[in-house]
Amino acid sequence: MNTTVKWIDGMMMVGESASGHAIVMDGPEDLGGKNLGIRPMEMLLLGMGGCTTIDVVSTLKKMREEVRDCRVEILAARADEHPKVFTKIHLNFIINGSNLDEKKVEKAISLSADKYCSASIMLGKVADITHDFTINE
């Protein structure tokens with residue numbers, strides 16, 4: 001996997017993925033940025049959220065569950081001192097569907113956390129990661 005990050009100005013950068021998609025990253029004004037893009041550390045959490053959501057939805061579909069919507073809300077804490085790594089990450093899955101089996105939802109989340117989601121497993125080496133979920137009909 002090859003990606004590129006190009007510095008533009010101040011704290012602004014444009015990242016381009018191997019698949020050809022681009023995203024603007026920037027810092028806050030107090031650090032020389034213009035607040036025109038997402039922060040790089042936010043990208044890590046979004047990447048993890050995307051990775052685990054893909055796993056959970058695809059696993060539930062393989063289990064023949066009728067998933068209509070899946071959202072994961074992520075709350076994270078970082079160390080006070082440098083390096084300011086994530087120390088705690090909590091993922092709250094909100095899953096909408098018809099007649100969803102609670103045990104299957106729990107299993108899909110566990111499989112993502114423990115086996116499939118590379119981002120979660122990697123971040124879990126430095127942060128305490130917890131999960132919960134809500135099912136809505």
In chain order, what residues pass the side-chain contact (heavy atoms from CB on, under 4.5 Å) check against E16, with sequence neighbours excluded? none

Quick one: side-chain hydrogen bond (donor to acceptor under 3.5 Å, both in side chains) partners of D26, sequence neighbours excluded? none

At what distance, to the nearest 0.5 angstrom, does CD1 of I129 lie from NE2 of H90? 11.5 Å

Any salt bridge (charged side-chain N to carboxylate O under 4.0 Å, His left out) pairs touching residues 3-14, not counting sequence neighbours? D9-K34

Can you sort out the partners of N96 under side-chain hydrogen bond (donor to acceptor under 3.5 Å, both in side chains), two or more places apart, ordered by chain and number? D69, N136

Flag for R68-S98: side-chain donor and acceptor within less than 3.5 Å: yes

Does a side-chain heavy-atom distance below 4.5 Å link L45 with I89? yes

Could you check if a side-chain atom of M41 sits within less than 4.5 angstrom of a side-chain atom of F86, using non-hydrogen atoms only? yes

Considering residues at least two apart in sequence or located in another chain, which fulfil the side-chain hydrogen bond (donor to acceptor under 3.5 Å, both in side chains) criterion with T4? none

Who are the side-chain hydrogen bond (donor to acceptor under 3.5 Å, both in side chains) partners of D30, not counting sequence neighbours? none

Applying side-chain contact (heavy atoms from CB on, under 4.5 Å) to E102 and F133, what does each step give before you reach the verdict? CA-CA 9 Å; E102 186 173 324; F133 63 91; 3.7 Å; yes

Could you check if a side-chain atom of I8 sits within less than 4.5 angstrom of a side-chain atom of V14, using non-hydrogen atoms only? yes

Can you hop from I74 to L123 via hydrophobic side chains spaced under 4.5 Å? yes

Under 3.5 Å, which donor-acceptor pairs link side chains of residues 105-114 to any protein atom two or more places apart or in another chain?
{"residue": "S110", "atom": "OG", "partner": "E106", "partner atom": "O", "Å": "3.1"}
{"residue": "S112", "atom": "OG", "partner": "T52", "partner atom": "OG1", "Å": "2.7"}
{"residue": "S112", "atom": "OG", "partner": "D55", "partner atom": "OD2", "Å": "3.0"}

Do L46 and V24 land in one hydrophobic cluster if side-chain heavy atoms of ILVMFWY residues count as linked below 4.5 Å? no

Flag yes if F93 and Y116 sit in one hydrophobic cluster, no otherwise; membership is Ile, Leu, Val, Met, Phe, Trp, Tyr, and two members link when side-chain heavy atoms are under 4.5 Å apart. no

Partners meeting salt bridge (charged side-chain N to carboxylate O under 4.0 Å, His left out) with R71 (sequence neighbours left out): E73

If you look only at pairs with a residue in residues 125-137, which of them pass as a salt bridge (charged side-chain N to carboxylate O under 4.0 Å, His left out), with sequence neighbours excluded? none

With sequence neighbours left out, what residues match K104 under side-chain contact (heavy atoms from CB on, under 4.5 Å)? L60, M63, E65, D101

Value rounded to 0.5 Å, distance of SG in C117 from CG in L91: 8.5 Å

So, do I95 and V67 sit near enough that their side-chain heavy atoms are less than 4.5 Å apart? yes

Would a distance-only check, ignoring hydrogens and angles, find a side-chain to backbone donor-acceptor pair under 3.5 Å from R78 to K84? yes

Any link between L31 and L44 through a network of hydrophobic side chains (Ile, Leu, Val, Met, Phe, Trp, Tyr) touching at under 4.5 Å? no

Who passes side-chain contact (heavy atoms from CB on, under 4.5 Å) against V126, sequence neighbours left out? none

Flag side-chain contact, heavy atom, 4.5 Å: I23 against H21: no

Search all heavy atoms of S120 against all heavy atoms of M48 and return the closest pair with its distance. OG-CG, 3.3 Å

Hits for side-chain contact (heavy atoms from CB on, under 4.5 Å) against E81, two or more places apart or cross-chain, chain-then-number order -> none

